[in-house]
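Bear in mind the structure is a predicted one, so any value in this text is a computation, not a measurement.
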Amino acid sequence: MITIANPYIETHQELSEEFVSLLIVECPHEFYRIITEMTKSFNGELSDFTFWQDDEQIKPDKYGDMIVNAFSFDLTDKKIVTLLYKKLHNNYNESDLIPQLNKINANIGFFLQELFQTVDFALDYAELTPDDVFKICSVKPSIVYDSFLEKIICYINILVELKNTRFFVFVGLKDVLNDDDLKLLYNHCALKKVCLLLVESSKKRPLLSFERAIIITDDLCEIVENYD
């Protein structure tokens, strides 16, 4: 279980596969401050938020991911593509595909040697590496989703596969997904054994049975819901 602590929030946020955690901050200034501080923690900067596994403090970006803007995240951003290339490179090293790349490099060598004879000076070249092939062929995750819910699920699947991500923080998710969509997302995350934290600026709708919330009111009082 991963615990999120903040000295200004009395109740610690315990991320669990059994419940979806919500942090609802109704005060606009406090909402901005909390999002800013949590973003700092994921960027490795000094922050009010600390993340713990049992008694050990952990780096949130190593085990989790944070989406601040539902309209701007991309399945083909540099972070994901870098992780993808690393995964494919490791798989290549452990596979029986090495002779195939050697054969490709040999054919390229024959081609280049003939082409080099068309100029009157010496030329050098480097053999292709797996990473070169990925870049030349623009290898990246396919866009196979038709809805925002499917996009989130694809994003979660990719990071679980490439990084073994264990929890996700979403800001304002209830502004763009209704309860039916959220139930499908929650069920998917439960199957993937992924924990969720939703940070919202207001209580949009009554909590679902498997949601529990810490509410910071406009006058900075703290209320908990569905905590037994």
Side-chain angles (χ1 to χ4, degrees), residues 1-4 13-23 35 38-39 41-44 49-54 56-95 97 130-131 134 137-200 208 210-212:
M1 179 179 294
I2 292 175
T3 301
I4 306 174
Q13 205 97 44
E14 295 183 346
L15 303 186
S16 166
E17 298 170 14
E18 183 180 358
F19 287 92
V20 173
S21 297
L22 274 73
L23 178 59
I35 298 303
M38 191 169 289
T39 302
S41 69
F42 274 89
N43 290 337
F49 283 96
T50 53
F51 292 71
W52 303 81
Q53 185 173 14
D54 299 324
E56 178 186 358
Q57 186 172 349
I58 62 174
K59 295 180 179 180
D61 62 313
K62 182 177 180 180
Y63 296 91
D65 190 76
M66 181 176 183
I67 299 297
V68 176
N69 188 337
F71 299 95
S72 66
F73 74 99
D74 187 358
L75 274 62
T76 59
D77 66 17
K78 183 178 179 180
K79 172 188 67 178
I80 288 179
V81 171
T82 299
L83 289 170
L84 173 61
Y85 287 6
K86 182 178 179 181
K87 176 76 171 181
L88 292 176
H89 198 135
N90 290 339
N91 291 349
Y92 166 80
N93 288 334
E94 297 173 358
S95 73
L97 296 174
D131 286 345
F134 304 154
C137 297
S138 298
V139 175
K140 58 187 177 182
S142 299
I143 306 301
V144 293
Y145 53 83
D146 295 318
S147 67
F148 180 65
L149 172 62
E150 291 179 0
K151 180 180 180 181
I152 291 178
I153 289 175
C154 287
Y155 184 81
I156 289 172
N157 290 346
I158 288 170
L159 285 187
V160 169
E161 170 74 17
L162 297 181
K163 192 183 169 186
N164 195 27
T165 301
R166 295 171 51 191
F167 71 92
F168 290 84
V169 179
F170 289 98
V171 178
L173 197 58
K174 292 210 171 194
D175 288 327
V176 290
L177 292 181
N178 61 30
D179 283 349
D180 289 337
D181 289 335
L182 288 172
K183 290 176 183 177
L184 292 173
L185 176 63
Y186 297 167
N187 287 336
H188 181 79
C189 289
L191 291 174
K192 289 288 185 179
K193 299 187 181 302
V194 167
C195 302
L196 291 177
L197 169 61
L198 277 53
V199 186
E200 305 287 338
L208 299 172
F210 32 81
E211 294 177 330
R212 59 185 181 186

So how far is it from [X] [atom1] to [Y] [atom2], rounded to the nearest 0.5 Å?
X: Leu196; Y: Glu17; atom1: CG; atom2: CD; answer: 10.5 Å
X: Glu161; Y: Leu84; atom1: CD; atom2: CG; answer: 9.5 Å
X: Asp65; Y: Phe167; atom1: CG; atom2: CZ; answer: 8.5 Å
X: Ile156; Y: Cys154; atom1: CD1; atom2: SG; answer: 10.0 Å
X: Ile4; Y: Leu23; atom1: CD1; atom2: CG; answer: 8.5 Å
X: Lys140; Y: Tyr85; atom1: NZ; atom2: OH; answer: 9.0 Å

- N-O pairing of Asp61 and Lys79 below 4.0 Å: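 Judged by the 4.0 Å cut-off on N to carboxylate O distance, Asp61 and Lys79 do not form a salt bridge.
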Under a 3.5 Å distance rule, please check whether Ser142 uses its side chain to pair with a backbone N or O of Val144 as donor and acceptor.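 It does not hold such a pair.
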Test your reading of the model: is there a side-chain donor-acceptor pair from Gln13 to the backbone of Leu197, 3.5 Å cut-off?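 Not at all, since once roles are kept as given, no pair shorter than 3.5 Å links the two residues.
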Tabulate below the donor-acceptor pairs under 3.5 Å that side-chain atoms of residues 183-194 make, not counting sequence neighbours, or state none.
residue, atom, partner, partner atom, Å
Tyr186, OH, Glu211, OE2, 2.6
Asn187, ND2, Lys183, O, 3.2
His188, NE2, Asn157, OD1, 2.7

State, with a plain yes or no, whether a side-chain heavy atom of [X] is found less than 4.5 Å away from one of [Y].
X: Lys151; Y: Ile143; value: no
X: Glu14; Y: Arg212; value: yes
X: Tyr155; Y: Ile80; value: yes
X: Val20; Y: Leu208; value: no
X: Phe42; Y: Val169; value: yes
X: Ile158; Y: Leu83; value: no

Residue list, side chain to side chain contact (heavy atoms under 4.5 Å, CB included) with Arg166, at least two apart or on another chain: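 Expected list: Ile2, Gln53, Tyr63.
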inquiry  = Applying side chain to side chain contact (heavy atoms under 4.5 Å, CB included), can you list everything that pairs with Asn90, at least two apart in sequence or on another chain?
reply    =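 With neighbours one apart ignored, the set is Lys86.
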Intermediate values then yes/no, side chain to side chain contact (heavy atoms under 4.5 Å, CB included), Leu22 and Lys174: CA-CA 10 Å; Leu22 274 73; Lys174 292 210 171 194; 3.8 Å; yes
Distance-minimising heavy-atom pair for [X] and [Y]:
X: Cys195; Y: Ser16; value: SG-C, 3.6 Å
X: Ser41; Y: Pro60; value: O-CG, 3.3 Å
X: Val81; Y: Val139; value: CG1-O, 4.4 Å

Check residues 66-75 and write down every donor-acceptor pair under 3.5 Å in which the side-chain atom is one partner and the other belongs to a residue at least two apart or another chain.
residue, atom, partner, partner atom, Å
Asn69, OD1, Phe71, N, 2.8
Ser72, OG, Asn69, O, 3.4
Asp74, OD1, Thr76, N, 3.0
Asp74, OD1, Thr76, OG1, 3.1
Asp74, OD2, Thr76, OG1, 3.2

Please determine whether the number of non-hydrogen atoms from other residues, nucleotides or ligands lying under 6.0 Å from atom CD of Gln57 exceeds 12.
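More than 12 within 6.0 Å, yes.
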| By side-chain hydrogen bond (donor to acceptor under 3.5 Å, both in side chains), which residues pair with Asp181, not counting sequence neighbours? |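 side-chain hydrogen bond (donor to acceptor under 3.5 Å, both in side chains) check on Asp181 returns nothing, list empty.
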### Message
Holding to side-chain hydrogen bond (donor to acceptor under 3.5 Å, both in side chains), I want the full list of residues that pass it with Lys87, two or more places apart in sequence or in another chain.
### Response
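Per chain and number, Lys87 pairs via side-chain hydrogen bond (donor to acceptor under 3.5 Å, both in side chains) with no residue.
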Could you check whether the rings of Tyr92 and His89 sit parallel, tilted or perpendicular, using 30° and 60° as the cut-offs?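 Geometry flag for His89 against Tyr92: perpendicular rings.
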